[in-house]
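The analysis underlying the following values was restricted to heavy atoms, covering all of them including side chains, and did not include hydrogens, waters or symmetry mates. First listed ligand is number 1; within each ligand, the first listed atom is number 1. Position 1 is the first residue of the sequence, and the numbers go up from there.
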Amino acid sequence: MSEKTENYNADIHNEDYRGQYQEILLDHRSLVNIAGRETESLNGKWHFCVDPYDTCRRAHWFKEVRRNDTGAEQPVDWDFDWWERAAVPGTWNLQKPELYWYENPAIYMRTFRYVPKETGERAFLYFEGAAYEASVFLNGVFIGSHDGGSTPFTVDISGAVKTDNRLIVVVDASRSPLRVPMDNTDWFNYGGIYRDVHLVRAPNVYIKDWFVRLEPDGTFSKIRTDVTISGADGTGCERKAVLAIPGLGMEEEITVREGSGHGVFAVNAEALSLWEPRNPTLYDVSIRLLPEDAKAGGDLIQDRGDLIQDRLGFREIKTRGQKILLNGKEVFLKGVSVHEDHVILGKTTTPEIIRETIRDLKEMNGNYLRLAHYPHDRCFARIADEEGILLWEEIPVYWAIAFGNRNAYRDAENQLAELIQRDRNRASVIIWSVGNENPDTDERLDFMSRLAKKARELDETRLVSAACLVNHAKLKIEDRLSEFLDVIGVNEYYGWYEPDFDKLSAILSNSSPDKPVVVTEFGGGARSGQRGSVNDLFSEDYQKALYIKQVETFKKYPFIAGLSPWILYDFRCPRRFNRYQEGYNRKGLIDADRKTKKLAFFVMQAFYKEK
Ligand code: GCB
């Protein structure tokens, strides 16, 4: 940091102050997989203050310097411990009425005590989600910044943590055309530390990440494992790890060299109960890093090894021609799209809310959810694993991203990597989506095909897709991105934005895709309780009639391998202000109260029962 910015008053002229906070990026490379580790919660009431002019970062408030060089007391403008409090996790928009539309930086502060449980222990902070950009400061020191509102990040505080700590986080929710998503979306821009924050302890040499899955070769007889360790850098030593799956009688040794180890192990296909919606078997899986004397910086240190454990399902998802195959058998994705939005909590969710969503899906006779349009809470896939629900997970490459901008690409690819690293051990997740409704331009093709390749590189066991637009001029399913996808997602609003419903049949009849097609969106708005004729827009009757026409049409086209109509619940949307909408997108099959089912819900329920 420059001398100039140390001077309190000089900061008002420092317009390029932001660069220093980009110098330490907390991205997928520093992400630690905390699944199966014990953590301590840092949730609770944190001190909170809006910071519309970004003064905490601009004028280094986080250093908490009260005296100048001569020792004289300065008139500081901050008062962290005196500020009111806000709930973490929580969106600020719904905690304080005056902050409903607030979209700029805000400051969070809390203290915490830390007493190591063993020598050499490492300590991390794990943020499940802070929207959109977060800069973290511990005890007056900048530790790093994270971009992306819906993916987790880890902050290694091992070198900076003390017994008594002051943690400051600046969260900036401002929209920008250069971000991912960009400034124009069809959902509400919630801000804040809206997901859990954990303190995580790990041994000196620890398991940083691990990926255990069924080898997708159609034999159901091999389990592939990758493990990454950290903390033994530069020691060059070889380590041993043991993968154990007691339910399958497996105990397998993995050699870890230069921080990573791999193994493919035989599993008795007869004994293996494959994970699937009707039988979502999960196995206890652990990886133990064996203890070893390691040399670090010339000193011999004893490390005790490490152990992580989780419950995982094993299954295979593939395509053949126009079909999607789960464990070698054709599966139809009986789904619906869902946003992460709640009338009272906004984008903050709870395991109870997630279970309620899954109950509603099951009541509709569904087996699949499209988690739109950004990564949902980490708990979702975990609960879906237990409940036997198939998931589509997506990154917010939404509408007209700045496809030509290198930073936007870096941001999108990083969010994709963070999502995949977070959830690739979850059997429920079957599809990674690299975006939604993006115009078919050269720049977009380059941007999104690179993302599709990246997804495959990080995970060879899932399908890659995107929700694409149809070619309305040629009346055809046609998008150059399809070549890079396993499943073609198609959003269409015939009977709503496109009044001529017959065009839908024309499009489907004109198309002979060589891959499965999932209709990722269709639907129309209806205010719950609003009745009328089948011609009255925004009535439940119109919506129901539209759904009947849609599903009757889909039945005729066998290349349609799944559906996720738009959308399960009405959700907040600052682009929707007619008398029926009042700030909500009303295309839900269930009202925003999450209780009142609209007539169209029962159309899908009957259709899925039949399927
Ligand atoms: C779409 C978008 C979705 C919108 C929806 C709508 O095509 O993908 O985000 O909310 O249409 O309601 O217009």
- Message: With a heavy-atom distance limit of 4.0 Å, tell me whether Asn436 approaches ligand 1 through its side chain, its backbone, both, or neither.
- Response: side chain
- Item | By side chain to side chain donor-acceptor pair (under 3.5 Å) - contacts of Lys96 (at least two apart) | Glu84
- Between Asn585 and Asp186, do the side chains contain an N or O donor and an N or O acceptor separated by less than 3.5 Å? yes
- Of the protein's non-hydrogen atoms, which lies at the shortest distance from atom 12 (O) of ligand 1, and what is that distance? Lys587 NZ, 2.5 Å
- Hey, does Trp566 come in under 3.5 Å of ligand 1, counting only N/O atoms on both sides? yes
- Hey, do the aromatic rings of Tyr374 and Trp187 have their centres closer than 6.0 Å? yes
- Task: Identify the protein heavy atom lying closest to atom 13 (O) of ligand 1, giving its residue, its atom name and the separation to 0.1 Å.
- Result: Tyr497 OH, 2.4 Å
- Message: Apply side-chain hydrogen bond (donor to acceptor under 3.5 Å, both in side chains) to residues Asp593 and Thr596 and explain how you reach the verdict.
- Response: CA-CA 7 Å; Asp593 68 6; Thr596 317; 2.5 Å; yes
- Is there a heavy atom of Phe571 sitting under 4.0 angstrom from any atom of ligand 1? yes
- Query: Ring centres of His373 and Trp566 under 6.0 Å apart?
  - Reply: yes
- Residue and atom name of the nearest protein heavy atom (relative to atom 7 (O) of ligand 1), distance in Å to one decimal: Glu437 OE2, 2.1 Å
- Touching ligand 1 at all, Glu492? Heavy atoms, strictly under 4.0 Å? no
- Item | ligand 1 atoms in contact with His373 (distance to a heavy atom under 4.0 Å) | 3 (C), 8 (O), 9 (O)
- Element-labelled atoms of ligand 1 that are located less than 4.0 Å from some non-hydrogen atom of Arg576: 6 (C), 12 (O), 13 (O)
- Task: Determine whether the side chain, the backbone, both or neither of Trp187 has a heavy atom under 4.0 Å from any heavy atom of ligand 1.
- Result: neither
- Message: Going by ring pair (Phe, Tyr, Trp, His ring centres under 6.0 Å), name the residues that satisfy it together with Phe602, two or more places apart in sequence or in a different chain.
- Response: none
- Please write down residue, atom name and distance for the protein heavy atom closest to atom 1 (C) of ligand 1. Glu521 OE1, 2.9 Å
- Are Phe607 and Tyr547 close enough that their ring centers fall under 6.0 Å? no
- So which bit of Asn585 gets within less than 4.0 Å of ligand 1, heavy atoms only: side chain, backbone, both or neither? side chain
- For residues Phe538 and Trp496, establish whether the separation of their ring centroids is below 6.0 Å. yes
- Task: Assess the pair Tyr494 and Phe501: is the distance between their ring centroids shorter than 6.0 Å?
- Result: no
- One finds that the ligand 1 atoms under 4.0 Å from a non-hydrogen atom of Tyr398 are 2 (C), 3 (C), 4 (C), 9 (O)
- Message: Suppose we measure from atom 4 (C) of ligand 1 to each protein heavy atom; which comes out shortest, and what is that distance?
- Response: Asp186 OD2, 3.2 Å
